[in-house]
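Comments concern the structure below.
Side chains included, hydrogens not; waters and symmetry mates left out as well; all remaining heavy atoms used.
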Amino acid sequence: MKKTVFVGTLAAAAAIAGTASAAKLDDVKARGELNCGVSTGVNGFSAPDSAGEWQGFDVAVCRAVAAAVLSDPKKVKFVTTTGQTRFTALASGEIDVLARNTTWTFSRDVDLKFTFAGVNYYDGQGFMVNKALGVSSAKELDGATVCIQTGTTTELNLADYFKVNNMSYEPVPIETNAEAQQQYLAGACDVYTTDASGLAATRATFADPENHILLPEIISKEPLGPLVAHGDDQWSEIVMWTLNALIAAEELGVTSANLEELAKGTENPEINRLLGNEGDLGPMFGLDNEWAKRAIMAGGNYGEIFAATIGESTPIGLARGLNAQWTQGGLLYSPPFR
């Protein structure tokens, strides 16, 4: 039944996507504001702070795009979406870009007609349990009740994993991360499963995080990244290359601290092209030559954003792992700026 609902949601979003308009850059400039779809609240990734300002790893992508296009990282309207509503919001044009821990899959790319602008976090699905449950492996979860967000790849991965391992489970459907946290802490489910980064973010908000463990199994590949609707290559390239600019800046040693000095010119031609001191990359997709400089200035390079929002020195405490630069054994890799 859950699978039928999920497919139905995909079909509805795909139908709307066919009507999405092109020339998104002109629309955003005329509006003077970027409409960015985010989660309903995942600590470290996208959530409002005590002052009501949206902060987080995914939020930084929205602000970087706004800086590149509108010259102001604050010109963003954040639109909250759930696993069920996010694709309809993007396909209908309610939002210009979705930056909400969303997995890049074949059907979302091809059938839903969305364009993923790259991967900003390489993740995988995991499991969190209370230590009192007395299990140390996901293979000990036969018969468990599991809190699971509907309309997600997580839901389908869970069914596959339990089937392959000849186990049964009782799903406890939830819509948002906040609802999952509430149900899990209330004991309505034995297990909460979602992307491992999301589990770490949720656990960091608990009063007793030490009493909750992430089991060692990672049961899927979850390449998470921002996406836009099909049909507007210019807009998808702007979002894609804004993300690439943040990644390339870290590799090239361009930081928020040295950005202004490097923008005056360096001996490295790629840094010069990235920061608009050489060549004419910006006009190729309708922006000026300082678009990437502004994007990097908004929150720093990829590494700075990671460290400030979800890194090991934050309550989330995530190591770089697969999200390290390719030169450091990770998967992060931007095509050349030339």
Requested in this report: For the pair Thr309 and Phe45, evaluate side-chain contact (heavy atoms from CB on, under 4.5 Å) and give the outcome as yes or no after the intermediate values.
Outcome: CA-CA 7 Å; Thr309 57; Phe45 283 85; over 6 Å; no
Query raised in the report: With ring centroids as reference points, do Tyr192 and Phe127 lie under 6.0 angstrom apart?
Result: no
Query - Atom pair CD1 (Ile305) and CG (Leu246), whose distance is rounded to the nearest 0.5 Å - result: 4.5 Å
Query raised in the report: Cut-off 3.5 Å, side chains only: do Ser197 and Asn101 have a donor facing an acceptor?
Result: no
Query - Pair Thr150-Glu155, side-chain donor/acceptor within less than 3.5 Å - result: no
Query raised in the report: Can you list the residues that meet the salt bridge (Lys or Arg N to Asp or Glu O under 4.0 Å) rule with Lys163, with sequence neighbours excluded?
Result: none
Query - Contact list for residues 289-316, test salt bridge (charged side-chain N to carboxylate O under 4.0 Å, His left out), sequence neighbours left out - result: Glu260-Lys293, Asp288-Arg294
Query - Value rounded to 0.5 Å, distance of CG in Asp72 from CG in Leu34 - result: 11.5 Å
Query raised in the report: Between Thr82 and Thr85, does a side chain to side chain donor-acceptor pair (under 3.5 Å) hold up when you go through it step by step?
Result: CA-CA 5 Å; Thr82 69; Thr85 65; 3.3 Å; yes
Report task. Identify whether Trp291 and Val228 are in the same connected component of the hydrophobic contact network (ILVMFWY, side-chain heavy atoms under 4.5 Å). Result -> yes
Query raised in the report: Does some side-chain heavy atom of Pro336 sit less than 4.5 Å from a side-chain heavy atom of Glu270?
Result: yes
Query - Distance-only donor-acceptor check, side chains Asn289 and Asp280, under 3.5 Å - result: yes
Report task. Over all heavy atoms of both residues, which pair between Ser236 and Thr115 is shortest? Give the atoms and the distance, please. Result -> CB-CG2, 3.9 Å
Query - Verdict with supporting geometry, Gln125 and Thr194, side chain to side chain donor-acceptor pair (under 3.5 Å) - result: CA-CA 5 Å; Gln125 184 173 334; Thr194 189; over 6 Å; no
Query raised in the report: Are Arg100 and Ser46 close enough that a side-chain donor and a side-chain acceptor fall under 3.5 Å?
Result: no
Query raised in the report: Would you find a donor on one side and an acceptor on the other, under 3.5 Å apart, between the side chain of Glu278 and the backbone of Asn272?
Result: no
**Report entry** Any donor-acceptor N/O pair, Asp49 side chain to Gly52 backbone, under 3.5 Å
**Finding:** yes
Query raised in the report: Going only through I, L, V, M, F, W and Y residues with side-chain contacts under 4.5 Å, is there a path from Val146 to Met128?
Result: no
Query raised in the report: In the single-linkage hydrophobic clustering (I, L, V, M, F, W, Y; side-chain heavy atoms under 4.5 Å), do Leu214 and Tyr184 co-cluster?
Result: yes
Query raised in the report: Would you say the side-chain atoms of Gln183 pair up with the backbone N or O of Glu179, donor to acceptor, closer than 3.5 Å?
Result: no
Query raised in the report: Do Phe337 and Leu275 share a hydrophobic cluster (ILVMFWY, side-chain heavy atoms under 4.5 Å, transitive)?
Result: yes
Requested in this report: For side chain to side chain donor-acceptor pair (under 3.5 Å), just list the numbers for Thr327 and Glu251, CA-CA rounded to whole Å, side-chain angles, deciding distance to a tenth of an Å, and then say yes or no.
Outcome: CA-CA 8 Å; Thr327 52; Glu251 179 187 345; 5.9 Å; no
Report summary line: CG of Asn277 to OG1 of Thr266, rounded to nearest 0.5 Å, is 7.5 Å
Query raised in the report: Given the rule in the side chain to side chain donor-acceptor pair (under 3.5 Å) test, do Thr80 and Thr40 qualify, once you have shown the distances and angles that lead to the verdict?
Result: CA-CA 5 Å; Thr80 58; Thr40 54; over 6 Å; no
Requested in this report: Keeping the roles fixed (side chain from Asn177, backbone from Val42), state whether a donor-acceptor pair exists under 3.5 Å.
Outcome: no
Query - From Arg31 atom CZ to Leu70 atom CG, the distance as rounded to the nearest 0.5 Å - result: 9.0 Å
Report summary line: Taken to the nearest 0.5 Å, the spacing of Lys113 NZ from Asp111 CG works out to 6.5 Å
Query raised in the report: Under 3.5 Å, side chain of His230 to main-chain N/O of Val110, donor-acceptor pair present?
Result: no
Query - Heavy-atom side-chain contact between Trp104 and Val119 under 4.5 Å - result: yes
Query raised in the report: Do Thr145 and Glu170 have side-chain N/O donor and acceptor atoms under 3.5 Å apart?
Result: no
Report task. For this output row, return yes or no: ring centroids of Phe206 and His212 closer than 6.0 angstrom. Result -> yes
Query raised in the report: Do the side chains of Leu224 and Ile219 join up, straight or via other hydrophobic residues, at under 4.5 Å, putting them in one cluster?
Result: no
Query raised in the report: Are Asp58 and Asn120 linked by a side-chain donor-acceptor pair shorter than 3.5 Å?
Result: yes
Requested in this report: Output yes when Lys24 and Asp96 qualify as a salt bridge under the 4.0 Å nitrogen-oxygen rule, no when they do not.
Outcome: yes
Query raised in the report: Is Phe78 close to Cys62 at the side-chain level, that is, under 4.5 Å between some pair of heavy atoms?
Result: yes
Query - From Tyr122 atom OH to Asn323 atom CG, the distance as rounded to the nearest 0.5 Å - result: 8.0 Å
Query - Leu227 and Thr102: CA distance, side-chain angles, deciding distance, side-chain contact (heavy atoms from CB on, under 4.5 Å) verdict - result: CA-CA 8 Å; Leu227 57 155; Thr102 297; 3.8 Å; yes
Report summary line: Applying salt bridge (Lys or Arg N to Asp or Glu O under 4.0 Å) to Glu250 and not counting sequence neighbours gives Arg320
Query raised in the report: Checking side-chain hydrogen bond (donor to acceptor under 3.5 Å, both in side chains) against Glu222, which of Asn157, Thr105, Thr154 comes through?
Result: Asn157
Query - Between Trp235 and Phe285, ring centroids under 6.0 Å - result: no
Query raised in the report: Using the ring of each side chain (for Trp, its six-membered ring), is Phe306 parallel, tilted or perpendicular to Tyr121, with breaks at 30° and 60°?
Result: parallel
Query raised in the report: Looking only at side chains, do Gln181 and Thr205 share a donor and an acceptor under 3.5 Å apart?
Result: yes
